[in-house]
There are 2 protein chains.
Amino acid sequence: MVDDDTRWLTRDETHAWIALVSLTVHLPHALDTQLQRDAGLSLTEYQVLSWLSMATRRTRRMRDLAARADVSLSHLSRIVARLEARGWVRRHPEPTDGRTTLATLTDDGWDKVVATAPGHAAEVRRRVFDGLTPAQVAALTDVARHVTDACGVTLPPIDGDPDDPDAT
Amino acid sequence: MVDDDTRWLTRDETHAWIALVSLTVHLPHALDTQLQRDAGLSLTEYQVLSWLSMATRRTRRMRDLAARADVSLSHLSRIVARLEARGWVRRHPEPTDGRTTLATLTDDGWDKVVATAPGHAAEVRRRVFDGLTPAQVAALTDVARHVTDACGVTLPPIDGDPDDPDAT
DNA sequence: CGCCATCACTTCCCGTGTCAAGTAATGTGG
DNA sequence: CCACATTACTTGACACGGGAAGTGATGGCG
């Protein structure tokens, strides 16, 4: 009745799997709670502000920003609408292509990131990196990249547009 | 202006962090997509059915099931209501304590799990374990447990109620 | 025995995210 | 130079999940 050609998980893999599922639920929740409490931001909102703050001229195309922050374009559209209403981001059309929208971090948005980052970093440290050895950090990096690759994810570069002549 | 006592993430930790965030977004999404397509189930719904199928007498208290499946009790209440409407789970009160509700997997529910499990296992294998060495699996387990512990998660035992005299 | 705190769930309200349809600006082939 | 497909984003309808409040059942204590 059962297809026993199925390659089931081994015992060790099952344990890893259970732990990993738990992580994917509780870690984002813990970070979200801290950000909401201390900064009135959701994790995804913070990620978007954070990636913008790292971009050349604090500006990115919506499309690239969505890929970088791991959200769909429609989702990003809503997030940025919220952030714009709070004065932290401004949207304006790309001059050379009227279809493309650029999102830029305002000065207030920059200040918000600067004010929020230390608490967020401390939370990430507390929940993830405190108590991990460098070897474990390296293993985590390899495994996480392996998994995201296997999920077919392709990310744009971390820095600003490579063809932007004003790039540092 | 900036509190430079902040213990920022190192370069390696930042890379690990970026990869880990990506994982927490894309891995659940990939698994959800496969289950939805092949079985008409969300990942959380499948997890609930799966944990029930492993429990002694296919029965668990709602409370324990919620903790085990990493969902809130209110969330579980809705999930089980959906599964009950589809005939895969039945709820009934615990005889010795009228407050407690027991959830039991029906025969149809069991068949559903049996039919769904191989495809799900294959997806987990493809997205996570294929290409990982045993050492990486072990490291993943350690890190994931470390993180969930740091998020203050406590899980009930995997088997059925320890004080159930009928337990195997 | 009776009152109140507690526990175990359920339900309500709300924000968020997703999929699909809509809109506007570009390329492209005749 | 004019349809038509394509790209890039926005919006609308809907489902899911979280937290607070509600409901019913227990336990503890005077």
Side-chain angles (χ1 to χ4, degrees), chain A residues 21 24-37 40-48 59-86 89-104 156 161, chain B residues 24-26 28-37 40-48 59-86 89-104 151 153 156 161:
Chain A
V21 168
T24 63
V25 172
H26 295 291
L27 179 58
H29 185 256
L31 294 160
D32 222 276
T33 301
Q34 181 271 327
L35 282 168
Q36 201 67 55
R37 172 167 46 80
L41 286 171
S42 72
L43 179 55
T44 51
E45 285 168 343
Y46 176 75
Q47 305 258 25
V48 167
T59 297
R60 288 217 131 195
R61 290 184 284 174
M62 292 288 281
R63 231 181 141 317
D64 294 343
L65 189 53
R68 200 57 265 184
D70 298 311
V71 296
S72 68
L73 196 48
S74 77
H75 188 185
L76 179 66
S77 184
R78 281 173 217 283
I79 294 168
V80 169
R82 291 199 293 269
L83 295 175
E84 200 171 27
R86 300 226 249 164
V89 171
R90 208 180 47 243
R91 274 183 286 194
H92 46 99
E94 160 103 11
T96 68
D97 183 343
R99 292 171 298 184
T100 298
T101 301
L102 298 173
T104 300
D161 305 312
Chain B
T24 63
V25 172
H26 295 291
H29 184 259
L31 294 161
D32 220 275
T33 301
Q34 181 270 326
L35 282 169
Q36 201 68 56
R37 172 170 44 80
L41 287 171
S42 71
L43 178 55
T44 53
E45 284 168 343
Y46 176 76
Q47 304 259 23
V48 167
T59 297
R60 288 219 131 194
R61 289 184 284 173
M62 293 287 281
R63 232 182 142 308
D64 294 343
L65 189 54
R68 200 60 266 185
D70 298 313
V71 297
S72 68
L73 197 48
S74 78
H75 188 186
L76 179 66
S77 185
R78 266 188 286 266
I79 294 168
V80 169
R82 291 200 292 270
L83 296 175
E84 201 171 25
R86 300 226 248 165
V89 172
R90 207 180 48 242
R91 274 183 287 194
H92 45 98
E94 160 103 9
T96 68
D97 183 344
R99 292 170 299 184
T100 298
T101 301
L102 298 173
T104 300
C151 289
V153 179
D161 307 312

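Residue numbers begin at 1 in each chain, while the letters A, B, ... track the order of the sequences. These numbers were taken from a predicted model, which means no experiment stands behind them.
Closest to the A:Met62 side chain, of the nucleotides C:dA8, C:dA25, D:dC9, is D:dC9. Comparing C:dA24, D:dG17, D:dT10 against the side chain of A:Ser77 picks out D:dT10 as the nearest. Nearest nucleotide to the A:Glu45 side chain, out of C:dT16, D:dG17, D:dT26: C:dT16. Side-chain atoms of B:Arg82 lie closest to D:dC16 of the nucleotides D:dC9, C:dC7, D:dC16.
Contact check, B:Arg63 against C:dT10: no side-chain N or O comes under 4.0 Å of OP1 or OP2. Contact between the side-chain N/O atoms of A:Arg78 and the OP1/OP2 oxygens of D:dG12 is not found at any separation under 4.0 Å. For the pair B:His75 and D:dA15, the criterion of a side-chain N or O lying under 4.0 Å from OP1 or OP2 is not met. Look at B:Ser72 and you'll find a side-chain N or O under 4.0 angstrom from OP1 or OP2 of D:dG18. Dashed line: the shortest gap from a side-chain N or O of B:Arg91 to OP1 or OP2 of C:dT10 is under 4.0 Å.
Heavy-atom nearest nucleotides on DNA chain D were determined for A:Thr101 and for B:Val71, and the one closer to the 5' end corresponds to A:Thr101. The residue among A:Val25 and A:Ser74 whose nearest nucleotide of DNA chain D is located toward the 5' end is A:Ser74.
B:Leu76 has its CG atom 16 Å from the C1' atom of D:dG19, to the nearest Å. Regarding A:Asp64, its CG atom lies at a distance of 9 Å from the P atom of D:dA8, rounded to whole Å. Distance A:Leu35 CG to C:dG15 P: 19 Å, rounded to the nearest Å. Taking atom CD of A:Gln36 as the reference point, atom P of C:dC14 lies 17 Å away to the nearest angstrom. The distance between atom CG of A:Leu65 and atom P of D:dT10, rounded to the nearest whole Å, is 11 Å. As a whole-Å value, the separation of A:His29 NE2 from D:dG19 P is 4 Å. C:dA24 atom C1' lies 11 Å from atom CG of A:Asp97, rounded to whole Å. Atoms CG (A:Asp32) and P (D:dC16) sit 20 Å apart, rounded to a whole Å.
In this structure, the separation between CD on B:Gln36 and CG on B:Leu31 is 12.5 Å, given to the nearest 0.5 Å.
For the pair B:Glu45 and B:Leu83, the minimum side-chain heavy-atom distance is below 4.5 Å. Within the 4.5 Å cutoff, the side chain of A:Asp70 has heavy atoms near those of the B:His26 side chain. Side chains of B:Arg61 and B:Leu102 form a contact here, defined as non-hydrogen atoms less than 4.5 Å apart.
Judged by distance alone, with hydrogens and angles left aside, the side-chain atoms of A:Ser77 form no donor-acceptor pair with the main-chain N or O of A:Leu73 at under 3.5 Å.
As judged by a 4.0 angstrom heavy-atom cut-off over every strand, B:Thr44 is placed among residues touching the sugar-phosphate backbone only.
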